[in-house]
Amino acid sequence: MLEISFTRLVEQLKTLGVRSGGVLLVHTSFRAVGPVTGGPLGLLAALRAVLGNEGTLVMPTMTDGERVFDPRITPTSGMGVTAETFWRQPGVARSTHPGGSFAAAGPLAERICRPQPLSPPHGEDSPVGRVHELAGQVLLLGVSHSENTTLHLAEAIARVPYSVSHSCVVEIDGTATTVMIAETDHCCVRFRLADDWLRARGLQREGSVGHAVARLCDARDVVSVAVERLMVEPLIFLCPTRARCAECAAARASVPT
Ligand SMILES: [Zn+2]
């Protein structure tokens, strides 16, 4: 496959509509984007070039919660090589949630990464909540809305009735202790409904970045269309019972009767 140059990546990101000077939350599968010149570092350089010095780049750096989280050393879990490369770069801030951390670079990085409550990990007072507050954009690069954490923010704002707790190791008074953290967890496959909701209103830009299909939308649009649906059908993001999805069944079982 053809290697995509830095210049071409920058062009593609601009054409898609990434705003210079804005806040940009990126979820990415590098395998879908590449090959690009410079690998993941080349992709990061292109994203930061389009954002410029006034812009702030944000990526999820979530971890497995199986050991005490140290934002300076704990590797990400399932976030992809681009995010894993990003947080290790000089001058990149990383938030301190033991399972749901994010990394950010740019003038608003410290604000986005400041401390937050343990639960919910992706509520209004969290990195995704701050991206939303700051009217940031969400870029899905070679991934679908299943990976769009901002939809968990919509669930928190809509106060969905399901909540599942997962164990997470945290340090309390110098001792590693397992705590349970409640979150709106499920398989997230039905987050893909957001494609049609956003497209129907012309709120999603789609194009190519590298070799990947890219989707770009405003965090506020993602939240507003999802909250509107959740108000009518609070369980819309859970697989139907007949689908026999264990994760969504656990979420359904948590709904108070
Ligand atoms: Zn499911």
Side-chain angles (χ1 to χ4, degrees), residues 16-18 23-29 31-33 58-60 62 78-80 83 100 102 120-124 126-133 135-164 166 182-209 212-256:
L16 189 65
V18 172
V23 173
L24 182 70
L25 168 56
V26 182
H27 298 273
T28 183
S29 161
R31 211 172 304 138
V33 179
V58 187
M59 299 188 89
M62 298 172 204
M79 295 294 108
F102 282 72
H122 311 303
E124 285 174 275
S126 77
V128 284
R130 294 161 198 154
V131 169
H132 174 258
E133 182 190 357
Q137 293 177 296
V138 175
L139 174 60
L140 304 173
L141 221 42
V143 298
S144 70
H145 282 284
S146 292
E147 274 66 47
N148 185 356
T149 312
T150 301
L151 287 167
H152 284 305
L153 171 65
E155 292 178 313
I157 291 172
R159 300 182 187 279
V160 295
Y162 46 90
S163 172
V164 179
H166 294 289
E183 57 185 304
T184 55
D185 195 30
H186 46 91
C187 77
C188 299
V189 165
R190 284 174 60 85
F191 274 177
R192 293 178 193 168
L193 290 167
D195 261 334
D196 285 344
W197 301 343
L198 290 160
R199 279 176 189 149
R201 298 186 187 185
L203 298 174
Q204 177 163 283
R205 309 269 309 244
E206 295 174 44
S208 295
V209 172
V213 172
R215 297 168 170 84
L216 180 74
C217 32
D218 283 5
R220 289 187 180 176
D221 291 334
V222 171
V223 168
S224 70
V225 299
V227 168
E228 192 181 301
R229 297 292 174 137
L230 287 165
M231 288 304 178
V232 178
E233 194 180 343
L235 305 186
I236 196 165
F237 285 139
L238 303 184
C239 294
T241 310
R242 65 173 184 280
R244 299 182 182 279
C245 169
E247 288 172 87
C248 291
R252 281 179 182 276
S254 75
V255 177

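Along the sequence shown, the residues carry numbers beginning at 1.
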Less than 4.5 Å apart, side chain to side chain, heavy atoms only: is that true for [X] and [Y]?
X      : Y      : value
Asp221 : Arg201 : no
Thr28  : Met59  : yes
Tyr162 : Glu155 : yes
Val222 : Leu198 : yes
Gln137 : Arg205 : no
His132 : Ser126 : no
Val131 : Phe102 : no
Val255 : Pro161 : yes

Short question: side chain of [X], backbone of [Y] - any donor-acceptor pair under 3.5 Å?
X      : Y      : answer
Arg130 : Glu124 : no
Asn148 : Thr150 : yes
Ser146 : Cys188 : yes
Ser29  : Val143 : no

Least distance between heavy atoms, [X] atom then [Y] atom:
X      : Y      : value
Met62  : Gly100 : CG-CA, 3.8 Å
Ala251 : Asp185 : CB-O, 3.6 Å
Ser144 : Arg192 : OG-NE, 3.1 Å
Ala226 : Leu151 : CB-CD2, 3.7 Å
Pro120 : Ala156 : CG-CB, 4.5 Å

For the [atom1] atom of [X] and the [atom2] atom of [Y], what is their distance to the nearest 0.5 Å?
X      : Y      : atom1 : atom2 : value
Cys245 : Leu238 : SG    : CG    : 8.5 Å
His27  : Leu140 : NE2   : CG    : 6.5 Å
His145 : Asp196 : NE2   : CG    : 9.5 Å
Glu147 : Leu141 : CD    : CG    : 12.0 Å
Leu203 : Leu216 : CG    : CG    : 11.5 Å
Ile157 : Met231 : CD1   : CE    : 9.0 Å

Would you say the ring centers of His186 and His152 fall short of 6.0 Å from each other?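 Centroid distance His186-His152: below 6.0 Å, so yes.
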Is the count of non-hydrogen atoms from other residues, nucleotides or ligands lying under 6.0 Å from Arg199 atom CZ greater than 12? yes
Excluding sequence neighbours, so at least two apart, what forms side-chain hydrogen bond (donor to acceptor under 3.5 Å, both in side chains) with Asp195?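 side-chain hydrogen bond (donor to acceptor under 3.5 Å, both in side chains) check on Asp195 returns Gln204, Arg215.
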